[in-house]
Amino acid sequence: MKGYKMVQAPQRSTLTRPRADPKPDDAPQTSFIDAIHDTLRDEMRADERVLILGEDVGRRGGVFRVTAGFLDEFGDERVLDTPLAESGIIGSAIGMALNGLRPVAEIQFLDFIHPAMDQIMNEAARIRYRSNNDFQCPIVIRAPFGGGIHGALYHSQSIEAVFVHTPGLKVVVPATPADAKGLLRTAIRDDDPVLYLEHKKMYRLIKGPVPVGDYDVPLGQARIVQEGTDATIVTYGMMVHEAQKAAAEVAQETGASIELIDLRSLKPLDEATVVDSAKKTGKVLVVTEANGPCSVASEVAALIGEQAFAWLDAPVTRVAAPDVPAMPFSPPLEHAFLVDAAKIAAALRRLISF
Amino acid sequence: MKGYKMVQAPQRSTLTRPRADPKPDDAPQTSFIDAIHDTLRDEMRADERVLILGEDVGRRGGVFRVTAGFLDEFGDERVLDTPLAESGIIGSAIGMALNGLRPVAEIQFLDFIHPAMDQIMNEAARIRYRSNNDFQCPIVIRAPFGGGIHGALYHSQSIEAVFVHTPGLKVVVPATPADAKGLLRTAIRDDDPVLYLEHKKMYRLIKGPVPVGDYDVPLGQARIVQEGTDATIVTYGMMVHEAQKAAAEVAQETGASIELIDLRSLKPLDEATVVDSAKKTGKVLVVTEANGPCSVASEVAALIGEQAFAWLDAPVTRVAAPDVPAMPFSPPLEHAFLVDAAKIAAALRRLISF
Amino acid sequence: MATETTSAPDKAVQGAFEAGSTTPTNGVSPVHLPLHQGGGTVQTLSATVEPPSTGDAGLSHDSLRELYSYVALARALDERMWQLNRAGRAPFVVSGQGHEAAQVGAAFALDRDKDVVLPYYRDLALSLVFGLTAEDVMMAALARAPDPTSGARQMPAHYGSAARRIITGSSPVATQIPHATGIAYAAKLRGTGQVALTCFGEGGASKGDFHEACNFAGVHKLPVIFFCENNHYAISVPRALQMAIEHVADRAEGYGFPGVIVDGTDLLAVHGAVKAAAERARRGEGPTLVEAKVYRFHPHTSDDDDRAYRSPDEVKAWKAHDGLARFETRLRDIGALDDERLAALKTRINAEVDAATDAAEQAPFPDPATFDRHVYAEP
Amino acid sequence: MATETTSAPDKAVQGAFEAGSTTPTNGVSPVHLPLHQGGGTVQTLSATVEPPSTGDAGLSHDSLRELYSYVALARALDERMWQLNRAGRAPFVVSGQGHEAAQVGAAFALDRDKDVVLPYYRDLALSLVFGLTAEDVMMAALARAPDPTSGARQMPAHYGSAARRIITGSSPVATQIPHATGIAYAAKLRGTGQVALTCFGEGGASKGDFHEACNFAGVHKLPVIFFCENNHYAISVPRALQMAIEHVADRAEGYGFPGVIVDGTDLLAVHGAVKAAAERARRGEGPTLVEAKVYRFHPHTSDDDDRAYRSPDEVKAWKAHDGLARFETRLRDIGALDDERLAALKTRINAEVDAATDAAEQAPFPDPATFDRHVYAEP
Ligand SMILES: Cc1ncc(C[n+]2csc(CCOP(=O)(O)OP(=O)(O)O)c2C)c(N)n1
Ligand SMILES: Cc1ncc(C[n+]2csc(CCOP(=O)(O)OP(=O)(O)O)c2C)c(N)n1
Ligand SMILES: [Mg+2]
Ligand SMILES: [Mg+2]
């Protein structure tokens with residue numbers, strides 16, 4: 001194993017703690033938040049090196065209650081209510097990782113991650129490279145992101161692109177409870193820093209089946225939500241659900257067969273799946289709820305333009321938030337700002353009739 | 001005037017200080033760094049509200065000597081050697097701007113701007129919007145950026161894309177001494193926060209004429225460096241000079257007529273000039289020395305793919321740094337990493353023969 | 001212990017109390033109220049501890065009643081917002097209840113014609129003193145177009161007004177502290193004679209921005225007051241997990257200026273401490289960190305449930321030291337308030353809050369077409 | 001003033017000096033050397049001031065000679081790198097000259113078999129004590145492939161080695177400080193008995209990361225030592241523009257742990273202070289901030305020209321208090337060194353530096369094809 005440990009760290013084991021409160025194996029529908037909660041708990045049970053830290057993750061169980069019950073089960077050494085200091089949270093998580101632990105740091109809202117950008121971009125992302133593989137930094141950073149919950153400018157941001165722009169990081173965005181599980185397990189087991197972004201609107205809204213047992217989703221593999229032949233929508237996060245609505249509506253109206261790709265992993269990006277779909281349908285809509293310029297939508301559109309040029313029947317079209325500091329509080333303003341099924345459907349109609 | 005001042009601020013005046021050390025009006029060739037130095041000095045002479053702050057900008061005259069002589073001329077109240085604290089530098093610059101001044105903050109290297117991202121992205125960029133135009137934040141942030149000077153991972157970065165992704169900011173990158181002057185004047189006079197990025201390799205390498213007097217370059221206007229009909233290169237900063245070399249070489253080899261566009265202003269972006277050129281030549285190469293994913297090159301490529309689709313004769317092609325934490329120190333590694341004329345020429349040849 | 005002073009006593013700050021006796025006359029200091037902080041390590045106390053206020057602190061009865069009316073108005077408005085929230089008519093409330101006396105004491109110690117305040121989300125009372133009206137606040141609470149603080153773009157409780165020198169704030173904690181330093185720098189450079197006062201919680205004092213701003217202000221002896229409203233919790237995180245020391249004020253020494261601890265439920269004590277700090281600032285002697293010990297009576301916001309981290313007993317004990325009630329008692333004691341005046345005041349305040357609520361409920365939401373305006377200056 | 005102790009004296013730290021007398025025997029404390037800082041405001045001193053060391057501090061002559069040899073090796077290597085730079089054979093040098101005695105004293109106070117150090121770019125001597133060799137350092141200086149610290153990817157002076165528990169560092173100032181806190185947290189949780197020591201300049205203490213890291217370490221009483229090498233300048237910015245106080249150590253109190261000031265040109269004094277801090281950490285009593293007063297003899301880096309901001313007189317005065325020379329005198333005084341041993345040592349060190357230079361000059365540059373490896377774990 002290439003990984004670096006300064007002294008022998010306790011090994012992964014499933015015997016650490018008795019399993020309490022097991023989910024019935026046939027649990028049909030789990031909410032997105034429960035899938036995260038359960039997986040995180042199971043990972044902590046399975047591996048003593050995993051610990052969580054962040055503001056209000058202990059006594060309060062997280063402001064969204066993702067870590068409810070953790071303090072009681074794992075104790076305050078592995079469930080750390082930190083001081084209010086994001087750079088300190090990530091900086092010390094890096095130190096913990098350098099000394100044999102597998103920290104999962106929570107940033108309360110992605111909107112508050114900025115003070116930690118130095119630690120994330122200049123440190124975590126560059127430790128392996130700058131040391132020529134002598135050190136590694138296996139941390140997971142969880143953060144709720146996204147809009148549509150009246151969170152206004154500072155509880156709604158989608159700034160994943162700045163991390164996708166940063167080599168050395170991995171960035172994942174589950175859109176289903178199953179992926180929430182599979183991607184979180186993979187992220188925690190990954191030997192590099194992973195940002196794990198949770199769309200906060202999905203926490204209780206989105207439910208679905210969650211495979212039991214050791215279910216892993218590899219990073220860098222997109223998910224084809226539905227196959228189609230006339231046009232492709234590429235998106236991620238909550239927009240997968242909005243796009244699905246839009247696709248259903250437009251399919252019904254026009255009879256078009258729409259392929260929908262959920263990227264799941266923004267970095268590494270599953271270029272092959274995206275490009276293949278573009279070649280197949282010739283028409284691609286790329287959707288993000290983030291601001292448009294230099295966004296993940298820009299990246300995917302540029303990629304397709306480069307690699308599927310000869311197959312395209314229409315311009316690769318982006319639907320993104322306008323270049324306005326996301327996101328106003330008052331409902332009519334928020335609605336005007338937000339990308340939703342209606343806006344996606346409108347763009348899809350134009351694309352199909354191109 | 002829509003601008004906000006808490007109390008009447010001293011008005012712009014050209015009478016503040018006697019002009020010392022004037023450049024002869026016919027000065028033929030000024031270095032890039034002198035153009036910045038002279039313009040900044042002239043702006044401070046012309047407007048008492050302008051002050052500069054940063055690490056080593058005073059006694060040392062800046063680590064690159066951009067502000068050499070300023071402390072003596074303007075005194076230590078307007079030329080501030082700050083503590084080593086980037087968030088504090090930008091945070092207090094914002095406060096100064098809110099109370100009637102026009103601060104020009106220097107970040108010693110763009111690689112060290114990360115701790116200030118919260119103040120830049122969440123504060124400076126959003127003050128006007130969040131207050132519904134009740135407040136504004138006229139600050140300029142100067143920072144040397146870019147590679148090719150053996151600066152390794154932390155003295156070579158080009159992370160302009162993360163600011164271009166942030167609504168509320170403006171981002172400019174002069175590529176000539178004349179633009180250094182014209183854009184700096186405009187940036188200082190602008191009522192919104194402007195990042196003014198100086199490619200450090202250009203400081204003493206690039207020389208050119210600088211118009212005397214009130215020479216302003218509006219933000220959001222690209223510069224057509226040379227006109228052409230067979231292919232377009234879109235780029236900015238030091239890459240303009242590398243692209244110019246590459247274009248000359250390829251033109252000589254192939255007889256192709258190459259158009260070269262220097263974006264100058266990355267935000268606002270001159271979409272019209274770029275799209276018009278793409279429609280004219282049908283073949284576009286977009287060059288950045290930054291990492292590729294979600295870069296300015298991605299944005300420009302996506303834009304052209306969307307707006308000039310029907311006119312394209314070849315895929316819009318990006319040349320960017322590989323997705324590797326920029327930039328290794330040892331010369332052979334740095335060379336392997338860096339985008340240069342040879343790499344641009346290679347891509348241009350492929351594009352032309354598509 | 002709590003009255004030990006190891007830093008050189010700051011004459012200016014102490015001087016503020018020359019008008020009154022220094023014998024403690026009022027009740028329990030909030031420092032000694034029950035807090036589930038997990039053990040009381042004995043701390044070295046380097047900050048100055050302000051004595052409790054006595055008498056009228058040299059203020060006229062009219063002034064004292066004005067002070068009181070702001071505390072009472074803030075309380076009434078705040079309560080109304082909670083009612084509206086519970087009734088489903090206000091989406092989100094951040095409460096300042098428990099902090100009002102400290103805020104009003106602080107705000108009144110400034111020059112409201114030129115000084116600058118940088119509030120945080122609990123500073124309803126402070127913002128009212130600086131000129132926001134009940135109607136302004138209610139417009140924001142109900143996200144209506146006339147909201148002068150943000151045009152309903154920000155969540156409620158993001159107070160701001162250029163005309164009133166209340167600086168627009170964001171949600172990220174502590175970012176306003178360096179702004180205060182910069183404003184003070186500009187005030188000094190331009191010779192405006194302004195003092196900047198910025199507010200934040202004890203949680204905010206853990207952030208790098210607090211450190212960088214205090215340090216810079218100390219170096220240049222800037223006219224700025226760092227006003228910490230220490231309510232012992234940052235959402236659920238208790239003081240003992242936020243910092244190893246008991247008093248944020250003890251950090252001031254490390255930046256080269258005095259730290260002062262004051263009972264934040266004692267309006268006049270806060271007023272005196274901030275007045276002394278403002279005078280010090282105007283004399284060019286630099287910043288002061290004033291830490292007011294307070295308690296928030298409600299959950300962190302209307303989205304929070306504080307029962308997970310605070311005991312009902314603790315909340316009850318602190319509510320018994322309500323700054324509003326204490327100030328009322330004081331004013332009655334010295335004859336500045338009586339039942340009749342109080343009844344009249346309550347009637348006026350209720351009417352004001354009712355009118356504000358009605359106005360806001362009848363006001364339109366913003367025009368969606370305006371959502372993308374003012375990202376940049378318009379030509 | 002400089003010996004006043006207002007914080008409760010930390011017995012453990014003081015204990016380190018029980019072996020020697022506390023009567024100052026050595027010369028001028030560096031605190032009193034000339035510094036163009038612009039006026040000497042009288043400061044409250046809350047940190048403990050370590051007395052000068054005397055005698056052999058309980059160390060054997062062999063150990064003392066070993067300590068000395070590291071200081072001398074670091075100096076010789078550093079000088080060679082400057083020569084190579086001036087000759088155009090080394091692109092870039094960051095010098096630790098003037099800091100070596102402090103670094104060696106600190107590093108030797110740790111357990112080199114398990115403790116962890118997080119150096120910054122001046123910590124050549126400290127890194128040598130923790131196991132980097134002259135050849136390792138020279139490979140990095142000349143950007144050659146065998147450089148074990150980064151494979152010639154980083155600028156020189158970015159020391160690191162997993163096997164030696166020297167944590168890889170970046171160029172951004174102060175980012176390593178929270179890493180030290182995290183490493184100490186892991187050590188405590190895992191019960192490894194490790195202590196982490198992280199180094200930074202006084203400029204670094206202005207950054208938010210310093211504050212956040214110290215605060216967190218204080219809350220959890222972590223086994224970490226914050227070792228500030230205060231050389232009075234951050235590039236050109238003098239201490240007085242960096243902070244309003246004179247001593248970084250005075251900030252420790254605000255984080256709930258002791259701050260200790262020590263003469264960084266007195267190797268054994270630093271050794272004693274860090275040893276006491278390490279023992280305190282291992283006893284579970286938490287962090288210590290140790291501030292060593294030093295001076296950098298050379299410009300900030302080979303790209304700097306320090307004449308713009310330091311007077312030749314000031315540099316000269318400090319060079320007269322060179323920690324290397326002082327330690328040599330001490331060892332001669334107590335009979336641990338004589339001309340003969342010294343000559344032999346110098347010969348050995350010169351040979352080592354020559355061999356390292358030759359090896360590096362003959363070593364290949366990295367293969368350009370490897371430039372994109374190790375961005376992520378390879379499968
Ligand atoms: C940078 C940042 N991190 C986290 C949050 C989420 N948050 C909002 S208020 C708060 C607690 C603040 O506590 P304190 O500063 O003590 O003020 P109080 O609310 O107690 O008045 C937190 C963690 C935030 N707004 N900003
Ligand atoms: C965040 C950051 N800002 C600026 C710099 C540029 N820089 C490198 S060293 C230095 C001065 C550091 O001073 P100090 O911490 O006192 O250490 P010293 O060099 O004096 O040993 C500066 C400003 C940097 N490396 N990182
Ligand atoms: Mg609080
Ligand atoms: Mg220094």
Side-chain angles (χ1 to χ4, degrees), chain A residues 1-10 48-49 51 53 77-78 80-101 103 115 118-119 121-123 125-139 167-170 190-193 219 268, chain D residues 114 116 118 145 147-154 158 160-163 165 167-172 174-190 192 194 196 198 207-209 211-220 222 224 366 370 372-379:
Chain A
M1 187 183 132
K2 289 204 187 287
Y4 152 71
K5 286 192 207 61
M6 283 192 298
V7 305
Q8 197 51 34
E48 275 189 342
R49 298 173 304 171
L51 87 171
L53 69 163
E77 292 202 315
R78 289 180 68 205
L80 236 89
D81 272 329
T82 64
L84 208 172
E86 281 73 12
S87 186
I89 291 170
I90 303 302
S92 35
I94 290 170
M96 293 171 189
L98 290 171
N99 203 3
L101 299 179
D118 196 30
Q119 287 290 346
M121 297 175 170
N122 268 333
E123 298 297 326
R126 286 173 157 88
I127 280 176
R128 184 186 299 280
Y129 186 80
R130 78 181 182 214
S131 69
N132 204 21
N133 210 32
D134 200 21
F135 290 86
Q136 66 181 15
C137 183
I139 65 172
L169 298 179
K170 299 183 177 182
D190 198 280
D191 284 335
D192 287 299
L219 308 189
Chain D
K114 69 176 182 195
V116 183
L118 300 94
D147 160 28
T149 66
S150 84
R153 289 168 168 204
Q154 293 228 65
H158 288 68
S161 164
R165 283 158 283 101
I167 302 295
T168 172
S170 64
S171 310
T175 49
Q176 74 278 18
I177 312 180
H179 302 173
T181 294
I183 283 170
Y185 190 91
K188 187 177 174 190
L189 181 65
R190 294 176 44 208
T192 63
Q194 293 166 304
T198 182
K207 287 221 50 136
D209 269 358
H211 175 70
E212 299 188 2
C214 288
N215 185 43
F216 189 55
V219 167
H220 294 281
L222 298 180
V224 53
T370 63
D372 60 357
R373 289 194 58 191
H374 308 310
V375 178
Y376 300 101
E378 290 176 2

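In what follows, chains carry the letters A, B, and so on, assigned in the order in which the sequence lines appear, proteins first and then strands, with residues in each chain numbered from 1.
Residue A:Ile90 does not touch chain D at all, counting heavy-atom pairs closer than 4.5 Å. Contacts between A:Glu123 and chain D at a heavy-atom distance below 4.5 Å involve the side chain alone, from C-beta outward. With a 4.5 Å cut-off on non-hydrogen atoms, D:His158 does not touch chain A at all. Proximity to chain A (any heavy atom under 4.5 Å) is shown, for D:Ala196, by neither the backbone nor the side chain. Contacts of A:Leu169 with chain D are made by backbone atoms alone, with heavy-atom separations under 4.5 Å and no side-chain atom involved. At a 4.5 Å heavy-atom cutoff, the contact between D:Ala377 and chain A is made by backbone and side-chain atoms alike.
Scanning both residues, A:Ser87 and D:Asp209, for their nearest heavy atoms gives OG-OD1, 2.5 Å. Of all heavy-atom pairs between D:Ala162 and A:Asp134, the closest is N-OD2, 2.9 Å. When every heavy atom of D:Pro178 is checked against every heavy atom of A:Gln119, the shortest pair comes out as CG-NE2, 3.4 Å.
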- Task: Any chance you could lay out the side-chain hydrogen bond (donor to acceptor under 3.5 Å, both in side chains) test for A:Asn99 and D:Gln194, step after step, and finish with the verdict?
- Result: CA-CA 10 Å; A:Asn99 203 3; D:Gln194 293 166 304; 3.0 Å; yes

- Message: A:Asn133 vs D:Glu378, test: side chain to side chain contact (heavy atoms under 4.5 Å, CB included). Steps then yes/no.
- Response: CA-CA 9 Å; A:Asn133 210 32; D:Glu378 290 176 2; 5.9 Å; no

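Here A:Ser92 is the residue among A:Pro167, A:Pro115, A:Ser92 with the most heavy-atom pairs under 4.5 Å with chain D. Among D:Ala217, D:Gly160, D:Gly169, the residue making the largest number of heavy-atom pairs under 4.5 Å with chain A is D:Gly169. Ranked by heavy-atom pairs shorter than 4.5 Å toward chain A, the options D:Glu212, D:Lys188, D:Arg153 are led by D:Arg153. In terms of heavy-atom pairs under 4.5 Å with chain A, the best-connected choice from D:Thr181, D:Leu118, D:Leu189 is D:Leu189.
Remark: side-chain polar atoms of D:Tyr185 are paired, donor with acceptor, to backbone N or O of A:Glu77 under 3.5 angstrom. For A:Arg130 (side chain) and D:Gln154 (main-chain N/O), no donor-acceptor pair under 3.5 Å exists by modelled atom type.
A search for side chain to side chain donor-acceptor pair (under 3.5 Å) contacts involving A:Asp190 returns A:Lys170, not counting sequence neighbours. Under the side chain to side chain contact (heavy atoms under 4.5 Å, CB included) criterion, A:Asn122 pairs with A:Asp118, A:Arg126, B:His114, B:Tyr154, B:Gln157, D:Pro172, not counting sequence neighbours.
The only option from D:Thr168, D:Ile167, D:Thr149 that meets the side chain to side chain contact (heavy atoms under 4.5 Å, CB included) definition with A:Ser131 turns out to be D:Thr168.
Put simply, CZ on D:Phe216 and CG on A:Leu53 are 6.0 Å apart, with the number rounded to the nearest 0.5 Å.
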